[in-house]
Amino acid sequence: MARDIKKLLSDLTLEEKASLLGGKDFWHTKAVERLGIPAIMVSDGPHGLRKQDQKGDHLGVNESIEAVCFPAGCATAASFDRDLERELGETIGNECQAEDVAVVLGPAVNIKRSPLCGRNFEYFSEDPVVAGKMSAAYIRGVQSKNVGTSIKHFALNNQETRRMSVSAEASERTIREIYFPAFETAVKEAQPWSVMCSYNKINGTYSSDNEWLLTQVLRDDWGFEGFVVTDWGAVDDRVQGVRAGLDLEMPGDTKANDAKIVEAVKEGRLSEEAVDACAGRILEKIFSYLDKRDETAVFDREADHKKAIDLAGRCAVLLQNDGTLPMKSDVKVAYIGEFAETPRYQGGGSSHIHSHKVESALESAKKKGRSVTYTKGFGIADTAVDEAAIAEAVAAAKTADVAVIFAGLPDSIESEGYDRDDMKLPACQDALIAAVCAAQPRTVVVLHNGSPVECPWADQAAAVLEMYLGGEGVGEATDRILYGEVNPSGHLAETFPMKLSDNPSYLNFPGTLRSVDYQEGVFVGYRYYEKKELPVRWAFGHGLSYTTFSMNNLRLSTEEMDDDTTLTVTVDVTNTGKMAGAEVVQLYVADKDGTPQRPLKELKDFAKVDLALGETKTVTMQLTARDLSYFEEDLGDWFAPSGTYELQVGDASDHILLKKEISFTTEKVVPLHVAGDTITEELLANPKTAPVIQELIKKGMAAMGGDAAEGSAAKEAISDKMTKAMMLYMPLKSLPSFGTMTDEELAGLIAKLNG
């Protein structure tokens with residue numbers, strides 16, 4: 001039934017409205033029983049329900065209900081599959097309806113600025129397009145079941161170290177190009193019910209107090225219609241938060257801050273209209289859930305467990321393979337490493353699921369009658385090198401046809417609350433892998449981790465299979481891939497650098513006690529490695545298959561774009577191999593005009609396509625002027641200079657297969673504010689001012705001895721190159737010093753140029 005929210009707000013007292021702006025306890029909003037306003041429940045997510053039953057403690061740390069753990073964000077992003085993400089969302093949404101949960105806290109879309117961020121396993125990607133498109137698909141899936149999502153953590157929450165207080169210092173361009181777009185895409189394409197603001201400060205202002213963040217950008221620029229909720233305990237100044245657009249404070253009990261809101265209104269420091277706006281947005285979503293509550297929904301844990309297995313298989317990334325994989329069912333295999341019998345399938349912290357069922361790869365192999373032996377080799381919690389354990393593993397590998405080592409990071413290394421110390425596997429694992437690879441050339445390494453690890457043994461391994469934190473079905477999914485029942489089709493949504501110190505944030509992570517400088521700017525992930533020409537272990541977008549594909553016939557709907565053009569890109573993809581599989585088509589854009597401080601190329605769209613043996617399908621993607629643009633701070637908007645752009649299509653950032661150039665013309669003009677410190681180079685770059693400045697440069701070069709005779713002492717001392725450089729970099733205020741013009745003439749020139 002339709003609700004008259006305005007009427008409801010008019011019937012509420014100021015105190016009741018203020019009470020709606022804070023939680024009752026750890027998981028519930030407050031009710032106003034007098035007017036039939038119920039409390040609703042929220043639950044941690046996003047890859048499973050960490051719902052505490054109604055007897056849960058007030059801190060929200062006791063055991064949660066038995067649920068299904070699906071692959072974490074690090075894994076699902078690697079699928080590059082919007083349909084998979086939506087399917088996951090629909091499943092989670094149905095589970096929420098069955099458990100009477102109104103809002104699931106997720107997805108988590110913060111950019112993977114550093115491999116060390118302890119919560120990277122929850123996050124999607126180093127690339128904002130992947131994070132945005134995948135999160136929008138997930139949100140649409142959940143909310144199709146009339147359950148809300150709370151996309152998080154807005155914004156620049158890219159580390160766990162001092163996350164509750166640190167100030168992320170970044171330029172607006174960096175923020176707009178790298179750290180905002182995932183949220184922007186999700187809002188514009190999927191309208192999440194809620195946005196969760198982060199703990200940290202942004203350029204000195206807490207997110208919860210930040211009107212530019214929560215109102216000007218989120219609502220005015222992007223059109224967000226839902227409510228903003230704090231991360232748990234992220235409130236700084238509750239009254240300023242209401243002014244800024246912060247709607248709901250969690251967790252409860254919030255009586256003290258509720259009273260501050262009432263007091264501020266009565267004293268005239270806060271308008272009641274601002275309180276009404278916050279309460280109204282919350283009420284809209286409370287009744288959206290209540291009025292479409294599905295009492296028939298069933299949480300079928302067995303069915304969802306099977307789905308978790310299927311999803312894990314579609315997310316796995318085959319990083320390298322010399323043909324050892326897939327294995328035949330009768331091959332003699334040595335499984336090594338405790339992860340084979342106790343898989344690590346999720347991270348620590350608020351997303352940790354009390355799983356319904358977990359089956360290891362070893363159990364799956366035994367059930368299917370595989371010819372597999374098991375040697376522990378190392379324990380999950382081990383770090384120190386154990387020579388005896390290595391010798392035992394080597395002996396087992398030598399007697400087998402293939403050795404499969406199950407390696408990864410233990411729970412103690414990757415978790416919410418703290419960051420990793422380094423990018424390495426435990427020393428015992430690296431040593432064992434190296435020794436087994438030396439003894440058995442057909443050694444496969446299976447990785448269970450939520451973010452990149454250094455792999456010094458990679459060149460010696462026959463195959464490397466990245467399973468990430470694949471959820472409770474990861475064991476069975478791994479078995480299916482190893483033996484060819486499933487063809488791996490994931491691609492990396494993050495770069496694996498050779499070593500930690502190669503990472504662009506290395507010198508500025510996690511910062512000082514009070515701040516962290518994002519000095520790498522827009523050069524995050526592959527944008528940096530490519531510009532720097534640094535070799536990487538495995539590039540962004542990389543992923544192999546048991547079959548092969550070709551991409552051909554790149555076609556563009558037009559080769560000339562302007563500000564209003566939507567360009568359609570199509571490419572034919574063919575399965576040229578020996579079995580069915582799925583390929584990821586990636587579309588990049590490169591600015592070919594030498595615009596300063598731009599990456600060599602940037603991902604702008606992608607598509608996953610399933611292909612039967614010999615089948616060809618046409619993939620279609622679209623581009624607009626925004627996809628060619630960078631954020632120009634002087635314009636306060638997105639800007640693509642007129643010129644040439646190259647569209648690149650491939651299956652990885654380092655494997656571009658097709659290219660075509662287009663021309664672009666814009667009517668936008670970057671404002672030119674000419675002053676005494678404006679240099680001639682800047683004026684030469686502007687077509688409107690260049691003719692005037694070219695004449696000045698000629699005059700200035702003559703005044704500086706640029707017309708001296710060749711071979712003279714003057715020419716030897718001051719070359720033409722030196723004179724041109726000095727004139728190019730000269731501020732206008734210096735022209736009178738070289739006799740080029742008088743002070744009065746300079747003032748007239750500046751006025752003319754500004755006109």
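Along the sequence shown, the residues carry numbers beginning at 1.
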Next on the checklist: Could you check whether Asp44 pairs with Arg50 (Lys NZ or Arg NE/NH1/NH2 to Asp/Glu carboxylate O, under 4.0 Å)?
Outcome noted: yes

Next on the checklist: Checking Glu66 against His356: is there a side-chain donor and acceptor pair closer than 3.5 Å?
Outcome noted: yes

Checklist entry - Which atom pair, heavy atoms only, marks the closest approach of Pro192 to Val187? => result CD-CA, 3.8 Å

Item to check | For Ser515 against Glu169, the heavy-atom pair lying closest together | outcome: CB-CG, 4.0 Å

Checklist entry - How about Thr495 and Glu126: does a side-chain donor come under 3.5 Å of a side-chain acceptor? => result yes

Checklist entry - Does Lys201 come within less than 4.0 Å of Asp209, counting only side-chain N to carboxylate O? => result no

Checklist entry - If we ignore angles and hydrogens, is there a donor and acceptor under 3.5 Å between the side chains of Arg420 and Ser451? => result yes

Checklist outcome for this item: By side chain to side chain contact (heavy atoms under 4.5 Å, CB included), Ser415 pairs with (sequence neighbours left out) Tyr418

Checklist entry - Ignoring hydrogens and geometry, is there a side-chain-to-backbone donor-acceptor pair from Glu284 to Ile5 under 3.5 Å? => result no

Item to check | Electrostatic pair Asp411:Arg344 at N-O distance under 4.0 angstrom | outcome: yes

Checklist outcome for this item: side-chain hydrogen bond (donor to acceptor under 3.5 Å, both in side chains) filter on Ser207, not counting sequence neighbours, yields Ser198

Next on the checklist: Suppose the criterion is ring pair (Phe, Tyr, Trp, His ring centres under 6.0 Å): which pairs have a residue in residues 157-202, not counting sequence neighbours?
Outcome noted: Phe154-Phe180, Phe154-Phe183, Tyr179-Tyr518, Phe180-Trp212, Phe180-Trp222

Checklist entry - Just by distance, with hydrogens left out, do Glu520 and Asn508 show a side-chain donor and acceptor under 3.5 Å apart? => result no

Next on the checklist: For Lys24, is there an ion pair with Asp253 - N to carboxylate O distance below 4.0 angstrom?
Outcome noted: no

Checklist entry - Would Arg527 and Asp127 pass as an ion pair if we require N to O under 4.0 Å? => result yes

Checklist entry - Got more than 12 heavy atoms from elsewhere within 6.0 Å of CD, Glu267? => result yes

Item to check | Flag for Thr91-Lys307: side-chain donor and acceptor within less than 3.5 Å | outcome: yes

Checklist entry - Residues in side chain to side chain contact (heavy atoms under 4.5 Å, CB included) with Glu189, at least two apart? => result Lys133, Ala136, Arg140, Thr185

Checklist entry - Do Ser79 and Thr76 get their side chains close enough for a donor-acceptor pair, meaning under 3.5 Å? => result no

Checklist entry - Can you tell me if Thr230 uses its side chain to pair, donor with acceptor, with the backbone of Trp232 under 3.5 Å? => result no

Item to check | Donor-acceptor under 3.5 Å (Asn203 side chain, Ser167 main chain) | outcome: no

Checklist entry - Salt bridge check: are Arg119 and Glu122 linked by an N-O gap of less than 4.0 Å? => result yes

Next on the checklist: Under a plain distance cut-off of 3.5 Å, with no hydrogens placed, do Thr161 and Asp419 share a side-chain donor-acceptor pair?
Outcome noted: yes

Checklist entry - Centres of the Tyr528 and Phe523 rings: under 6.0 Å? => result no

Next on the checklist: Regarding Glu263 and Lys260, does a basic nitrogen lie under 4.0 Å from an acidic carboxylate oxygen?
Outcome noted: no

Checklist outcome for this item: Note: Leu116 and Asn120 closest approach over all heavy atoms is N-ND2, 4.3 Å

Item to check | Between Ser19 and Lys255: side-chain donor-acceptor atoms closer than 3.5 Å | outcome: no

Checklist entry - According to the salt bridge (Lys or Arg N to Asp or Glu O under 4.0 Å) rule, which pairs have a member within residues 89-103, sequence neighbours left out? => result Lys51-Glu99, Arg86-Glu90, Glu99-Arg301, Asp100-Arg293

Checklist entry - Does a sphere of radius 6.0 Å around NZ in Lys292 hold more than 12 heavy atoms from other residues, nucleotides or ligands, not counting ones at 6.0 Å or beyond? => result no

Next on the checklist: For the residue pair Trp638 / Glu632, report whether a side-chain donor-acceptor contact shorter than 3.5 Å exists.
Outcome noted: no

Item to check | Which residues share a side chain to side chain contact (heavy atoms under 4.5 Å, CB included) with Leu290, sequence neighbours left out | outcome: Arg3, Pro38, Phe287

Item to check | side chain to side chain contact (heavy atoms under 4.5 Å, CB included) between Met134 and Ser125, intermediate numbers included | outcome: CA-CA 10 Å; Met134 296 296 278; Ser125 179; over 6 Å; no

Checklist entry - Salt bridge check: are Arg219 and Asp247 linked by an N-O gap of less than 4.0 Å? => result yes

Checklist entry - For Asp294, does its backbone N or O pair with a side-chain atom of Gln97 as donor and acceptor, under 3.5 Å? => result yes

Next on the checklist: Taking CZ in Arg269 as the centre, count heavy atoms belonging to other residues, nucleotides or ligands within less than 6.0 Å. Is the count above 12?
Outcome noted: yes

